[in-house]
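One structure is given here, and the rest of the page talks about it.
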Amino acid sequence: MILYQAPRGTSDILPHDQAYWRYIEETVADICRLYGYQRIDTPVFEDSGLFVRSIGEDTDIVEKEMYSFNDHGGDLLTLRPEGTAPVCRAYLEHGMHNLPQPVRLYYITPIFRYERPQAGRFRQHWQFGFEGLGSSDPALDAEVIEMACVLYRRLGLRDTVLKLNSIGCRNCRPQYLKCLEEYYSKKIDLLCPDCKRRLERNTLRLLDCKQESCMPLTEQAPKSSDSLCAECQDHFDFLKKYLVIFDLEFDLDHRLVRGLDYYTRTVFEIQPLGEKGAQTTLGGGGRYDDLMEEIGGRPTPGVGFATGIERMILNIKRQGIVVPPLPQPTTFVAFLGQEAKDKAVGYVAQMRREGIGAILASGNRSLKAQLRHANALGATSAIIIGEDELRDGMIVWRDMTRSEQQRLSFEDALKRLKK
RNA sequence: GUGAGUGUGGCCAAGCGGUUAAGGCGCCAGGUUGUGGCCCUGGAGAUCGAGGGUUCGAAUCCCUUCACUCACCCCA
């Protein structure tokens, strides 16, 4: 029996899957270049307080999903459970308000949440996300949303839906929450146990309940988008206008509230069409105008988006999208006998010095075995050194795809390989 | 945290109480003297997830435990 395996909810990304990762990383980097977003990398762990304050005490993440620990100095630290707060922390810490605003940043990083794993859900997963910081212009919201949609389109992911909502700001939301509370209090006997608790602690999340019994209630519930203050209404109207200009279709969903407390005004999610189950969200985000203040900075608005890389790959595979293959090793070097092996060792070193990928046969196996190996590796060509070649100062250069070969000097073979 | 399903060599998988636990993929080696991809032959590799119990006898039955998978909650 094997003594150790990857911890629950984590997995190894094996070579045969790397092509998917590179495909996404390259697409992401290209889009970010196109939209002027610059990469930022923040530590894997942060002060626990950063997450507690920004995400919210009464969220699932803070209540039961954080990987927190005391280090040897007694600091309470937490493995990053989401990407936005660290970026905001870095913005404040490095005085980025002195840069031209808005500051556009992106990250690609592992995320840790203690959850029960299932399809498309892990304890460690990767997220790609980007944030526009220092502007409350609804055009920035639109840009972020459009950029997210373009990402999926570029990856080849079709059949996605964009869900959109506005949950107001600290001026208009309290009043809305009061309405909501009143509405649900009257129906308290009909609520599921979870919702009774939500009514006490996190009213907004009542809308999120998927229980059969609560569904009809949420349908009738007051909508946040009907209670927006003038500024929020304006913001939302402009956003929708820009989305139309971008030619983006969106579904207004008054039940969309998101699971993090820091959102204000805009919230959105992108989901694959036709996938059932609740964990299929590809990505989501929104505006968080109070977050910087909450973690001790000057008031700084922001809007962002994050998407799960494993979920993108899951959908890429489901939709049968073919990703570009990783470059294969080019030339395999086979030999017969120790003397030839000595020569081969020198040759591969020289090849690599000149930028030509080379793999030396292992051990002292039969030529048949060596070529079988070359074939299995997908080598496009092979160099063979036997006794005759050693004697004549030549090598055999074999084209593995065409099954043709000829004798050349090593130097001539090098020239060919460089082309 | 709750519910369901599954655990047999690296992977897939038969076997469901009785002698040395099929088969396929993969790996290794051969098929005459220095040559791959197809084919043929052979080989290595399994304390049948772990622990306990029932039995003359268990991979096969029972209990416990662990892991994995899927679903719920919630999220990416």
Side-chain angles (χ1 to χ4, degrees), chain A residues 1-11 14 16 55 58-65 80-84 108-129 148 192-195 197-198 202 205 208-212 214 256-260 269-272 276-285 305-315 332 334-337 340 361-363 365-390 396-405 407:
Chain A
M1 196 181 105
I2 270 179
L3 280 176
Y4 300 105
Q5 48 187 320
R8 175 159 230 201
T10 69
S11 57
L14 299 173
H16 73 263
I55 298 169
D58 296 324
T59 57
D60 280 3
I61 292 179
V62 170
E63 272 181 6
K64 53 186 192 190
E65 295 177 358
R80 168 175 39 223
E82 68 98 37
T84 299
I108 175 159
T109 183
I111 299 287
F112 305 85
R113 289 182 203 166
Y114 185 84
E115 299 188 86
R116 282 289 283 269
Q118 67 186 73
R121 170 203 264 161
F122 314 96
R123 290 187 172 176
Q124 181 189 164
H125 74 277
W126 288 71
Q127 283 188 11
F128 158 57
C192 71
D194 277 340
C195 280
R197 205 170 139 273
R198 290 186 182 111
N202 205 332
R205 305 282 289 295
D208 213 17
C209 187
K210 277 126 196 147
Q211 292 291 319
E212 286 280 342
C214 296
L256 179 65
V257 295
R258 312 275 302 153
L260 296 87
E269 246 174 47
I270 294 160
Q271 301 167 358
K276 53 182 191 298
Q279 88 294 353
T280 49
T281 300
L282 266 172
F305 165 81
T307 179
I309 296 186
E310 287 85 351
R311 284 194 186 170
M312 287 194 272
I313 291 175
L314 189 69
N315 280 279
F332 188 90
F335 53 81
L336 287 153
S362 279
R365 299 194 281 188
S366 69
L367 186 57
K368 183 195 190 93
Q370 295 181 57
L371 287 178
R372 202 189 295 132
H373 189 197
N375 187 253
L377 292 178
T380 49
S381 58
I383 282 174
I384 303 165
I385 310 161
E387 285 176 25
D388 299 345
E389 288 72 34
L390 215 51
V396 169
W397 186 76
R398 181 173 178 82
D399 184 328
M400 296 293 286
T401 52
R402 286 196 235 173
S403 299
E404 292 166 4
Q405 65 184 44
R407 300 184 83 196

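Computed from a predicted model, the values in this text were never measured in an experiment. Atoms considered below: every heavy atom in the structure, side chains included; atoms not considered: hydrogens, waters and symmetry mates.
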Which nucleotide, [options], lies nearest any side-chain atom of [X]?
X      : options                : result
A/Q127 : B/rG34, B/rU35, B/rA76 : B/rA76
A/Q118 : B/rA76, B/rA71, B/rG36 : B/rA71
A/I384 : B/rU35, B/rA76, B/rG36 : B/rU35
A/D388 : B/rC70, B/rA76, B/rG34 : B/rG34
A/V396 : B/rA29, B/rC74, B/rG34 : B/rG34
A/L371 : B/rG34, B/rG3, B/rG36  : B/rG36
A/R365 : B/rA67, B/rG34, B/rA29 : B/rA29

Just wondering, are more than 12 heavy atoms of other shown residues or ligands nearer than 6.0 Å to CD in A/E63?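 Yes, the 6.0 Å shell around CD holds more than 12 heavy atoms from other groups.
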Let's test your reading of the model: under 3.5 Å, does the base of [N] pair with the side chain of [X] as donor and acceptor?
X      : N      : result
A/R372 : B/rG37 : no
A/Q405 : B/rU35 : yes
A/R116 : B/rU2  : yes
A/S403 : B/rG37 : yes
A/E115 : B/rA76 : yes
A/Q5   : B/rG49 : no

Checking base pairs now: Watson-Crick or wobble, both atom distances under 3.5 Å. What partners [N]?
N      : value
B/rU35 : none
B/rC70 : B/rG3
B/rU20 : none
B/rA59 : none
B/rC28 : B/rG42
B/rU65 : B/rG49

Residue pair A/D388 / A/R407, side-chain heavy-atom distance below 4.5 Å: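 Touching, per the 4.5 Å side-chain cut-off.
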Taking the side chain as every heavy atom from C-beta outward, state whether A/E387 and A/L336 have any pair of such atoms under 4.5 Å apart.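 No; the side chains remain at least 4.5 Å from each other.
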Considering only the P atoms, how many Å lie between B/rC11 and B/rC27, rounded to the nearest integer?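 Per the computed distance, 15 Å lies between those P atoms.
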Figure out the [atom1]/[atom2] separation between [X] and [N], and round it to whole Å.
X      : N      : atom1 : atom2 : value
A/D60  : B/rC74 : CG    : P     : 7 Å
A/I385 : B/rG34 : CD1   : P     : 16 Å
A/L367 : B/rG34 : CG    : P     : 9 Å

Check whether any side-chain N or O of A/Q124 sits under 3.5 Å from a backbone N or O of A/S11 as a donor-acceptor pair, and report yes or no.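 No, the answer is negative, given that no donor and acceptor are paired below the 3.5 Å cut-off.
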Treating A/R123 as the side-chain partner and A/P117 as the backbone partner, does any N or O pair qualify as donor plus acceptor under 3.5 Å?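 Not confirmed, A/R123 side chain does not pair with A/P117 backbone.
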Decide, applying a 5.5 Å centre-distance limit and a 30° plane-angle limit (both strict), whether A/H125 stacks on B/rA76.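 Stacking is present between B/rA76 and A/H125, given that their ring centres fall under 5.5 Å apart and the planes under 30°.
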Classify the nucleic acid contact of A/L260 as base, sugar-phosphate or nothing, counting any heavy atom under 4.0 Å across all strands shown.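 Counting heavy atoms under 4.0 Å across all strands, the contact made by A/L260 is with sugar-phosphate only.
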Check the phosphate of B/rA67 against A/R8, side-chain N and O only, distance under 4.0 Å to OP1 or OP2. Yes or no?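 Checking A/R8 against B/rA67: no side-chain N or O falls below 4.0 Å of OP1 or OP2.
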Pick from A/I309, A/I111, A/I108: which one makes a side-chain contact (heavy atoms from CB on, under 4.5 Å) with A/Q127?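 Output: one option passes, namely A/I111.
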